[in-house]
Amino acid sequence: MTESIHVENLTKVYRNFARREGLFGAIADLFKREYILTKAVDSVSFSIAEGEIVGYIGANGAGKSTTIKMLTGILRPTSGGAVINGLVPWEQRKKHARNIGVIFGQRTQLYWDIAVIETFNLLRRVYRVEKSVYDRRLEELTTLLDLSSLLTKPTRKLSLGQRMRCDFAASMIHDPPVLFFDEPTIGLDVSAKFRVRDAIRHLASDRGKTILLTTHDIADVEDLCERIIIVDGGRIIFDGLIRDIKDRMGRTRRATIDFHGEVSTDEISRLLDGRLLESEQITPEQVEIRFDIQSIKPSDLVRTLLAELPVKDIVLKGPDLSDIVRRIYEGKERLDE
């Protein structure tokens, strides 16, 4: 399979001026400045094949955005390298810009006071797309993202969700082979999220686009990606298939239990001899528990509860990627164990 993105030992160190407090500190800073070195990205290496969608996730401050900025050519790394479709992003910025599409969820590339279609027309000229090709592509994107009612509106009159869909289309005007999506579904309602996810899936499977997806919405990652890269403190702590991390760390299960009458978490904990990891009283008649399948098998759990308590209903939930990732972020799970 053809390699579209190759990153090797990519590192970015920021040198920040450490200001001292007070008047005397400010005067001292005039003569001798102190600096703090912050390693935002630390020796990151990975490769992504053509047509692959990879989730690039991590807590706030993990180094995701800095990595994306280097891969798009906005920032120059301190050391290391990257090659995207045969180009070094920060060395060949103009050529590279024609080969990539970018969405930053908190920013827009649409002009605020003019109609969306006018921005699209301008982008066509910037990227020198032939009119016939542009018309065909615009028709496809309008259908795919349901944009027909939005094209004549100025950007300032669009909701966040509408603007995100238009930004998505804008990033595809020049039909780039590589796409960087940073929070592409932010602010979207459920229906619009599914539409954008379908569009992303279509671009990879039917059009062979390579997509690096950065998001805090783990549902996006689980729905679109087979592979994820998890970063923490600027370093990659996991790079592999979602099913592998679930097999490796998905030993915990959740169960929501409804009772005929009131049952407390203390009663359940005593009954199960303290083998629960967590328990939460949702209502007097409903409890949610989390347990390790190596401590108690789901079948034994259900059998014990049914035998001893007035159970109305039990819903067992399998390994939850969002729960696994949350616990990694909180330091409650370790990937090096």
#### Entry: Candidate pair Asp42 and Thr11, rule side chain to side chain donor-acceptor pair (under 3.5 Å), full reasoning
CA-CA 5 Å; Asp42 187 2; Thr11 300; 4.7 Å; no
### Message
To check you understand the geometry: which heavy-atom pair defines the closest contact between Glu3 and Ser47, and what is its length?
### Response
OE2-OG, 3.1 Å
### Aromatic plane relationship, Phe181 with Phe168 - under 30° parallel, 30 to 60° tilted, over 60° perpendicular
tilted
### Message
If the threshold is 4.0 Å, N to carboxylate O, is there a salt bridge linking Lys209 and Asp175?
### Response
yes
### Message
Quick check against the 3.5 Å criterion: does Arg235 have a side-chain atom that pairs as donor or acceptor with the backbone of Asp232?
### Response
no
### Summary
Taken to the nearest 0.5 Å, the spacing of Ile84 CD1 from Ile48 CD1 works out to 8.5 Å
### Atom pair OG (Ser171) and CZ (Phe104), whose distance is rounded to the nearest 0.5 Å
11.5 Å
### Query
Thinking salt bridges, do Arg76 and Glu91 make one under a 4.0 Å N-O criterion?
yes
### Query
Would you find a donor on one side and an acceptor on the other, under 3.5 Å apart, between the side chain of Thr78 and the backbone of Val13?
yes
### Query
Side chains of Ile314 and Thr256: closer than 4.5 Å at any heavy-atom pair?
no
### Message
Less than 4.0 angstrom from a charged side-chain N to a carboxylate O is my criterion; do Asp135 and Lys131 meet it?
### Response
yes
## Note on the structure
Of all heavy-atom pairs linking Pro89 and Ala82, the shortest is CD-O, 3.4 Å
### Query
If you count the non-hydrogen atoms of other residues, nucleotides and ligands that lie under 6.0 Å from OH in Tyr127, is the total more than 12?
yes
#### Entry: Residues Leu150, Thr142; criterion side chain to side chain contact (heavy atoms under 4.5 Å, CB included); working and verdict
CA-CA 9 Å; Leu150 307 178; Thr142 299; over 6 Å; no
## Note on the structure
Note: Ala255 and Phe291 closest approach over all heavy atoms is CB-CE2, 4.3 Å
### Query
So, Arg163 and Asp167, do they make that salt bridge, N to O below 4.0 Å?
yes
### Query
Given the rule in the salt bridge (Lys or Arg N to Asp or Glu O under 4.0 Å) test, do Arg303 and Glu308 qualify, once you have shown the distances and angles that lead to the verdict?
CA-CA 9 Å; Arg303 190 180 302 113; Glu308 302 294 334; over 6 Å; no
### Message
Contact between Leu203 and Leu179 at the side-chain level, heavy atoms closer than 4.5 Å - yes or no?
### Response
yes
### Message
Please determine whether a side-chain nitrogen of the Lys or Arg among Arg137 and Glu130 lies less than 4.0 Å from a carboxylate oxygen of the Asp or Glu.
### Response
no
### Under-4.0 Å salt bridge between Glu222 and Lys246
yes
### Query
Taking NZ, NE, NH1 and NH2 as the nitrogens, is one of them in Asp182 or Lys64 under 4.0 Å from a carboxylate oxygen of the other?
no
### Task
Might you work through the side chain to side chain contact (heavy atoms under 4.5 Å, CB included) test for Val178 and Ile5, ending with a clear yes or no?
CA-CA 8 Å; Val178 178; Ile5 298 175; 3.9 Å; yes
### Summary
CZ (Arg275) and CD1 (Ile268) are apart, to the nearest 0.5 Å, by 13.5 Å
### Query
Side chains of Cys166 and Leu158: closer than 4.5 Å at any heavy-atom pair?
yes
### Task
With the side chain counted from C-beta on, respond yes when Tyr134 and Asn121 share a heavy-atom pair under 4.5 Å apart, and no when they do not.
yes
### Task
State the CZ-CG distance between Arg243 and Leu321, to the nearest 0.5 angstrom.
13.5 Å
### Query
So, does Arg124 use its side chain to make a donor-acceptor pair with the main chain of Val129 at under 3.5 Å?
yes
### Message
I'd like to know if the side chain of Gln286 and the backbone of Ile257 have a donor-acceptor N/O pair within less than 3.5 Å.
### Response
no
### Task
Using distance alone, with no hydrogens and no angle criterion, decide if Asn85 and Ser4 have a side-chain donor and acceptor under 3.5 Å apart.
yes
#### Entry: Polar contact flag, side-chain donor to acceptor under 3.5 angstrom, Ser43-Asn9
no
### Query
Atom CD of Glu183 and atom CG of Leu213: how far apart are they, to the nearest 0.5 Å?
8.5 Å
### Task
Using modelled atom types only, decide if a donor and an acceptor are shared between the side chain of Asp217 and the backbone of Ala219 within a distance under 3.5 Å.
yes
### Message
Does this structure show an ion pair linking Asp198 with Arg195, if we count only N-O contacts that are shorter than 4.0 Å?
### Response
no
### Message
Please check: side-chain N/O of Arg253 versus main-chain N/O of Lys317, any donor-acceptor pairing under 3.5 Å?
### Response
no
### Query
Are the side chains of Ile282 and Val287 in touch, meaning some heavy atoms are under 4.5 Å apart?
no
### Summary
Closest non-hydrogen atoms of Thr215 and Ile57, given as atom of the first, atom of the second and distance, are O-CG2, 3.7 Å
### Message
Is it the case that over 12 heavy atoms from other parts of the model lie below 6.0 angstrom from the CD atom of Glu226?
### Response
no
### OG1-CD1 distance between Thr119 and Ile114, expressed to the nearest 0.5 angstrom
4.0 Å
### Pair Thr155-Tyr111, side-chain donor/acceptor within less than 3.5 Å
no
### Message
To check you understand the geometry: which heavy-atom pair defines the closest contact between Met164 and Pro184, and what is its length?
### Response
CE-O, 3.2 Å
### Message
Treating Glu288 as the side-chain partner and Glu278 as the backbone partner, does any N or O pair qualify as donor plus acceptor under 3.5 Å?
### Response
no
### Query
Going by heavy atoms in the side chains, are Arg98 and Pro176 under 4.5 Å from each other?
no
### Query
Any salt bridge between Arg227 and Asp239, counting N to O under 4.0 Å?
yes
#### Entry: Residues Thr210 and Glu52: side-chain donor-acceptor under 3.5 angstrom
no
### Task
Would you please name every residue forming a side-chain hydrogen bond (donor to acceptor under 3.5 Å, both in side chains) with Asp113, sequence neighbours left out?
Arg156
### Query
If you count the non-hydrogen atoms of other residues, nucleotides and ligands that lie under 6.0 Å from NZ in Lys12, is the total more than 12?
yes
### Message
Are there over 12 heavy-atom neighbours, none belonging to Glu139, within less than 6.0 Å of that residue's CD?
### Response
no
### Query
When hydrophobic residues are tied together by side-chain contacts of less than 4.5 Å, even through go-betweens, does Leu123 share a cluster with Phe180?
no
### Query
Would you say Ser269's side chain and Thr265's backbone share a donor-acceptor pair under 3.5 angstrom?
no
### Query
Can you tell me if His96 uses its side chain to pair, donor with acceptor, with the backbone of Leu71 under 3.5 Å?
yes
### Message
I'd like to know if Asp223 and Arg201 make a salt bridge, using a cut-off of under 4.0 Å between side-chain N and carboxylate O.
### Response
yes
### Message
Donor-acceptor pair, distance only, cut-off 3.5 Å: does the side chain of His174 make one with the backbone of Ile100?
### Response
yes
### Message
I'd like to know if Glu280 and Arg254 make a salt bridge, using a cut-off of under 4.0 Å between side-chain N and carboxylate O.
### Response
no
### Query
Is Thr66 close to Leu75 at the side-chain level, that is, under 4.5 Å between some pair of heavy atoms?
yes
### Message
Contact between Met70 and Ile74 at the side-chain level, heavy atoms closer than 4.5 Å - yes or no?
### Response
no
